[in-house]
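Since the structure comes first, as structure tokens, the remarks are kept for the end.
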Amino acid sequence: MKIKGIITAMVTPFDEAQNLNLVATCQLVDKLIESGVDGLFILGTNGEFHHLSNEEKILFSKTVIDHVNHRIPVYVGVGACGTKETIKLARQMEKVGADALSVITPYLIAPTQEELIQHYKMIAESVNTPIILYNLPKNTGVNIEPSTVATLLEVKNIVAIKDSSGNMENMQGYIDVVKDHDFAVLVGSDSKILSALKMGASGAVSGTSNVITEVIISIYHKFINGYLDEAEKLQKDVDVLREVLKLGTVPSVMKKAVTLLGVNVGDARLPVKSLSEEDTLKIKEALNFYQLKVIENV
């Protein structure tokens with residue numbers, strides 16, 4: 001199983017009471033698939049996994065997987081601070097039908113590399129589903145070192161790593177150690193998609209593809225077809241959206257942008273606050289840059 005292409009790090013839709021909105025979930029799934037994404041990555045940081053109960057995670061994942069109905073792969077986040085809790089959720093998501101399980105490193109604590117190896121091995125051995133390592137050191141406080149990935153290559157169902165470190169030396173380290181293996185290195189920093197592809201990454205897990213789906217997909221397709229100048233321009237265009245993402249706490253701006261484009265995914269869960277009218281106007285201006293049709297009075 002070689003994971004590649006553009007995989008959307010999908011937001012989790014909520015209603016006005018901040019409960020799961022499963023109707024909007026199916027609408028967003030269809031919109032992304034129709035736009036041509038290669039996979040869906042749910043219950044990641046943009047998916048607010050940290051704000052969801054395990055019961056909500058299972059219901060949401062089942063809804064997405066059933067609605068996708070094998071049209072594209074669905075990769076499901078199951079990471080938790082503890083190994084036991086992660087294994088429990090991993091087994092549940094395997095039953096739901098996840099195509100692969102994404103496992104972020106433990107957070108709040110800073111495990112050693114030896115402890116990370118033990119953690120990932122125990123999780124992988126508890127399921128038959130492929131495992132994607134998820135590296136986000138800015139948020140978790142720990143980096144998965146390339147040497148650790150080299151050790152984990154020995155585990156047959158650990159098949160990929162999503163690197164959201166933004167550190168291209170770190171990514172190059174991953175690419176170097178996996179070059180002779182059937183193992184995918186995926187970039188998780190949207191500003192680095194083209195750079196990572198040039199280095200040998202097999203694809204991207206992209207949050208901004210919730211919004212500027214065609215732009216992100218085009219970066220990948222222009223690259224693989226050799227149109228590097230066009231890919232460079234598209235990569236620079238991503239910065240317009242990335243600039244407005246700074247207006248609020250993740251994923252408030254992303255969700256507002258998705259809603260403005262016609263799928264009402266609601267606000268981020270508290271304590272993340274809703275956006276002001278002034279900030280919403282700036283988001284609309286950014287969307288207009290991409291010539292996207294914005295729904296007024298949202």
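The shown structure was predicted, so the numbers you read here are calculated from the model rather than taken from an experiment.
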Using the salt bridge (Lys or Arg N to Asp or Glu O under 4.0 Å) rule, collect all pairs that involve residues 270-280, keeping only residues at least two apart or in two chains. Glu278-Lys282
Point-to-point distance, once rounded to the nearest 0.5 Å, from CD1 of Ile42 to CD1 of Ile65: 5.5 Å
Note: Ser252 and Leu275 closest approach over all heavy atoms is O-CD1, 3.7 Å
Non-hydrogen atoms of Ile158 and Ala124 that approach each other most closely: CG1-CB, 3.9 Å
Between the side chains of Thr8 and Ser209, does any donor sit under 3.5 Å from an acceptor? yes
Set of residues satisfying side-chain contact (heavy atoms from CB on, under 4.5 Å) with respect to Pro137, sequence neighbours excluded: Asn135, Asn143, Ser165
Could you report the tightest heavy-atom contact between Leu270 and Gln18, atom names first, then the distance? N-OE1, 3.2 Å
With the 4.5 Å side-chain cut-off for hydrophobic clustering, are Leu292 and Leu281 part of the same group? no
Of all residues at least two apart in sequence or in a different chain, which pass the side-chain contact (heavy atoms from CB on, under 4.5 Å) check with Leu153? Val178, His181, Phe183
Quick one: salt bridge (Lys or Arg N to Asp or Glu O under 4.0 Å) pairs with a partner in residues 138-154, sequence neighbours left out? none
Do we get Lys57 above Phe49's six-membered ring, with its NZ or CZ under 6.0 Å from the centre and within 45° of the axis? no
Salt bridge (charged side-chain N to carboxylate O under 4.0 Å, His left out) filter on Lys198, not counting sequence neighbours, yields Glu232
First locate atom CG of Asn264, then atom CD of Gln27, and finally report the distance between them rounded to the nearest 0.5 Å. 9.0 Å
Are Leu22 and Ile58 linked, directly or through intermediate hydrophobic residues, by side-chain heavy-atom contacts shorter than 4.5 Å (ILVMFWY only)? yes
Here the salt bridge (Lys or Arg N to Asp or Glu O under 4.0 Å) pairs for residues 67-78, sequence neighbours left out, are Asp30-Arg71
Quick one: list whatever passes side-chain contact (heavy atoms from CB on, under 4.5 Å) with Asp239, sequence neighbours left out. Arg242
Who pairs with Lys233 by side-chain contact (heavy atoms from CB on, under 4.5 Å), at least two apart in sequence or on another chain? Asp237
Under the side chain to side chain donor-acceptor pair (under 3.5 Å) definition, can you give me all pairs with a residue in residues 41-52, not counting sequence neighbours? Thr45-Tyr134, Glu48-Lys255
Side-chain H-bond candidate by donor/acceptor type, Thr25 with Thr63, under 3.5 Å: no
Flag yes if more than 12 heavy atoms outside Lys31 fall under 6.0 Å of its NZ atom; otherwise flag no. yes
Enter the distance from Thr105:OG1 to Ile144:CD1 here, rounded to the nearest 0.5 Å. 5.5 Å
Which atoms form the tightest heavy-atom contact between Ser61 and Val96, and what is the distance? C-CG1, 4.0 Å
Can you confirm whether Tyr227 is buried at OH, in the sense that more than 12 heavy atoms of other residues, nucleotides or ligands lie under 6.0 Å from that atom? no
According to a 4.5 Å side-chain heavy-atom criterion applied to Ile, Leu, Val, Met, Phe, Trp and Tyr, with indirect links allowed, do Met254 and Val250 form part of one hydrophobic cluster? no
On a heavy-atom basis, which atom in Leu40 and which in Val37 lie closest, and how many Å separate them? CD2-CG2, 4.2 Å
Would you check if the side chain of Asn19 reaches a backbone N or O of Asp15 as a donor-acceptor pair within less than 3.5 Å? no
Scan for salt bridge (Lys or Arg N to Asp or Glu O under 4.0 Å) pairs involving residues 220-231, sequence neighbours excluded, and state none if there are none. Lys222-Glu230
Sequence neighbours excluded, every pair satisfying side chain to side chain donor-acceptor pair (under 3.5 Å) that has a member inside residues 116-129: Thr83-His119, Glu94-Thr129
Test side chain to side chain donor-acceptor pair (under 3.5 Å) applied to Glu285 - qualifying residues, sequence neighbours left out: none
